[in-house]
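Residues: numbered from 1 along the sequence shown. Since this is a predicted model, take the numbers as computed values, not measurements.
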Amino acid sequence: MATDSSTQTETLLSEMDEDDDFVIITHQDVNAARRPRFLNDISDYIDSIAEELWPINKKIHDKPELGYGEVIAHYTLTAYMKTQPGWTVTRSAYGMKTAWVAVYDTGKRGPCVSFNVEMDALPAIGHACGHNLIATASLAGALATVHLLSLYSLPGRVVLFGTPAEEGGGGKIRLLAAGAYKDYGVDISLISHPGTIPDCALTHTTAYIRMKVEYFGREAHAAAEPWLGVNALDALITAYNGISVLRQQTMPSDIIQGHITDGGAGPNIIHAYAAGIFVVRAATQRRLEALVEKVIGCFDAGAMATGAKVKVTRLMAYKDHVPNRLLARSYARYFNPLVPEEGDGGRDGDGNEAGGPSKIPEDQDVDEMRGRSGASSDQGDIAHAMPSIMPGFEIPPGPGGAGPHNPGFAESAGTRLAFERSLRVAKALAGTAIDVLTIDGLLEEVKKEWRRSMTGSRRETAGRTERLTTL
């Protein structure tokens with residue numbers, strides 16, 4: 001049931017100036033400073049299921065599992081979804097033991113919105129990236145969306161994807177390749193991510209590639225006849241140093257990291273084999289491709305300098321996450337009214353007053369600067385396939401204050417405060433989904449904006465800014 005002016009509900013009127021790259025959105029009878037129409041229903045529903053979701057969140061957090069081994073999380077989440085009326089749940093989906101899909105279809109034609117559920121932890125330090133909170137926010141957001149579909153007899157479909165192995169395993173990429181999102185006719189993808197920066201709707205992540213470089217030389221006695229050998233380790237060290245020199249001429253958003261995994265057999269042998277793993281990140285896919293060529297040039301230089309042979313194997317790559325500004329505007333419209341003026345009284349692991357939650361800036365350029373990250377995610381590949389947002393939400397850094405990928409952050413991710421903040425995010429994600437499902441023309445504008453962002457027109461047009469005004 002799309003809304004219309006005759007029922008005095010929200011109606012989308014859009015104008016796009018193709019030459020100036022501007023978008024203007026207005027909503028009848030809705031003021032940005034007021035609570036959106038559906039927010040109370042969404043908020044009340046999520047509050048009503050919070051005590052059901054808390055033990056699920058804690059079990060995932062307290063039983064951390066690595067990528068493609070999220071057996072406990074997979075079972076816990078799917079077992080719960082099987083108890084929810086109207087949902088069809090598929091375990092071990094698309095050839096992956098810990099992937100899963102849950103679908104709610106109203107049977108009435110309408111948009112299909114999806115939520116991605118991450119489950120995997122980090123080696124040795126557990127849920128130091130807060131994937132238990134990502135799972136909770138997506139789970140609660142999807143359930144709230146379906147509650148509204150039922151409450152107001154709305155058309156459309158909601159899909160929850162259990163996506164394994166975000167931490168370097170690319171579970172979402174495998175789901176894309178298997179046709180999972182096409183099979184269900186997914187129109188948009190929603191997810192979130194905790195961190196220590198203030199709350200934001202426009203999260204950009206970097207494009208990323210992980211490579212293995214190997215050098216093959218020839219053994220010789222390192223003291224008696226070193227001239228008979230070809231030193232593979234020297235080749236690798238030359239390449240490593242070359243990359244260090246290259247960094248002087250790279251862009252501020254370029255990131256190159258590497259470590260030596262095999263440094264040879266012993267000091268008295270000219271090393272016949274050496275290897276390392278290198279990661280390259282850049283702000284955009286195009287920039288990544290250019291930067292990788294420069295890094296490979298350093299690898300080749302090491303081989304040329306020493307006479308060793310080089311082999312480069314591309315192991316895993318993630319695309320940059322390009323958030324959809326229209327979806328982000330909708331998210332902020334629901335999120336900001338939920339932020340308490342005096343904070344939520346949270347304390348960090350050291351007993352200090354916790355930062356956040358904070359309202360998302362109305363100026364999307366400010367929000368975008370807040371949301372830029374040097375990290376990478378396979379949600380980036382989703383964003384290149386369909387409109388996506390991955391809002392960031394602040395939780396305390398935990399003891400020591402180091403933030404994500406630190407044991408202190410894992411501790412923080414397991415707190416009730418972090419859980420409650422993930423539920424606030426869930427409410428805004430559900431509101432975003434409901435906007436897409438109910439506002440005539442919004443999905444078309446979202447997709448138009450996505451196509452523009454994929455051509456790079458906005459990011460390559462200096463001095464131009466999309467302006468979204470919600471009245």
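Separation of the Phe278 and Phe299 ring centroids falls under the 6.0 Å cut-off. Between Tyr273 and Phe216, the gap from one ring centroid to the other is short of 6.0 Å. Between Phe161 and Tyr181, the distance from one ring center to the other falls under 6.0 angstrom.
Side-chain contact between Glu118 and Lys172 is present, with heavy atoms from C-beta onward closer than 4.5 Å. You'll find the side chain of Asp187 stays beyond 4.5 Å of the side chain of Pro387, heavy atoms only.
Under a 3.5 Å cut-off, the side chain of Ser92 and the backbone N or O of Thr98 do not form any donor-acceptor pair. Side chain of Ser330 to backbone of Asp435: no donor-acceptor contact under 3.5 angstrom is found. Remark: the backbone N or O of Ala73 is not paired with any side-chain donor or acceptor of Thr76 at under 3.5 angstrom. Side-chain N or O atoms of Asp199 include one that pairs as donor or acceptor with a backbone N or O of Ser358 at under 3.5 Å. Remark: side-chain polar atoms of Asp381 are not paired, donor with acceptor, to backbone N or O of Tyr318 under 3.5 angstrom. The backbone N or O of Phe409 sits nowhere less than 3.5 Å from a side-chain atom of Ser412 that would complete a donor-acceptor pair. Side-chain atoms of Arg314 do not come within 3.5 Å of backbone N or O of Arg210 as any donor-acceptor pair.
Taking a cutoff of 4.0 Å between a charged side-chain nitrogen and a carboxylate oxygen, Glu341 and Lys359 qualify as a salt bridge.
Side-chain N/O atoms of Gln379 and Ser388 include a donor and acceptor closer than 3.5 Å. Side chain to side chain, Asp62 and His127 fail the donor-acceptor criterion of an N or O pair below 3.5 Å. Of the N and O atoms on the side chains of Asp120 and Tyr68, not one donor lies less than 3.5 Å from an acceptor on the other residue. With no hydrogens or angles considered, no side-chain donor-acceptor pair links Asp320 and Thr206 at under 3.5 Å. Using modelled atom types and a 3.5 Å distance limit, the side chains of Tyr80 and Glu52 yield a donor-acceptor pair.
The CD atom of Glu166 sits 5.5 Å away from atom NE2 of His193, with the distance rounded to the nearest 0.5 Å. Expressed to the nearest 0.5 Å, how far OG1 of Thr136 lies from CH2 of Trp54 amounts to 9.0 Å. With rounding to the nearest 0.5 angstrom, the CD1 atom of Ile277 is 8.5 Å from the OG1 atom of Thr313. Here the CG atom belonging to Leu291 is positioned 4.5 Å from the CD1 atom belonging to Ile256, to the nearest 0.5 angstrom. Residue Leu148 holds its CG atom at 12.0 Å from CG of Leu143, rounded to the nearest 0.5 Å. How far CG of Leu429 is from OH of Tyr331: 5.5 Å, rounded to the nearest 0.5 Å.
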(request) Report the C-alpha distance between Leu77 and Met119 in whole Å, list the side-chain angles of each, state the deciding distance to 0.1 Å, and finish with yes or no for side-chain contact (heavy atoms from CB on, under 4.5 Å). (result) CA-CA 10 Å; Leu77 290 161; Met119 303 169 286; 3.9 Å; yes

(message) side-chain contact (heavy atoms from CB on, under 4.5 Å), that's the test. Do Ile134 and Asn116 meet it? Break it down for me.
(response) CA-CA 8 Å; Ile134 297 173; Asn116 283 337; over 6 Å; no

(message) Show, in sequence, the C-alpha distance, side-chain angles and deciding distance for His204 and Ser373, and conclude whether the side-chain contact (heavy atoms from CB on, under 4.5 Å) test is met.
(response) CA-CA 6 Å; His204 282 260; Ser373 171; over 6 Å; no

(request) Test side-chain contact (heavy atoms from CB on, under 4.5 Å) on Arg325 and Leu202 and set out the steps. (result) CA-CA 7 Å; Arg325 286 194 162 204; Leu202 289 167; 3.9 Å; yes

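Nearest heavy-atom pair, Ile197 versus Arg370, reported as atom, atom and distance to 0.1 Å: CD1-O, 3.1 Å.
Taking the ring centre of Tyr334 as origin, the terminal cationic atom of Arg424 falls outside the region bounded by 6.0 Å and 45° from the ring axis.
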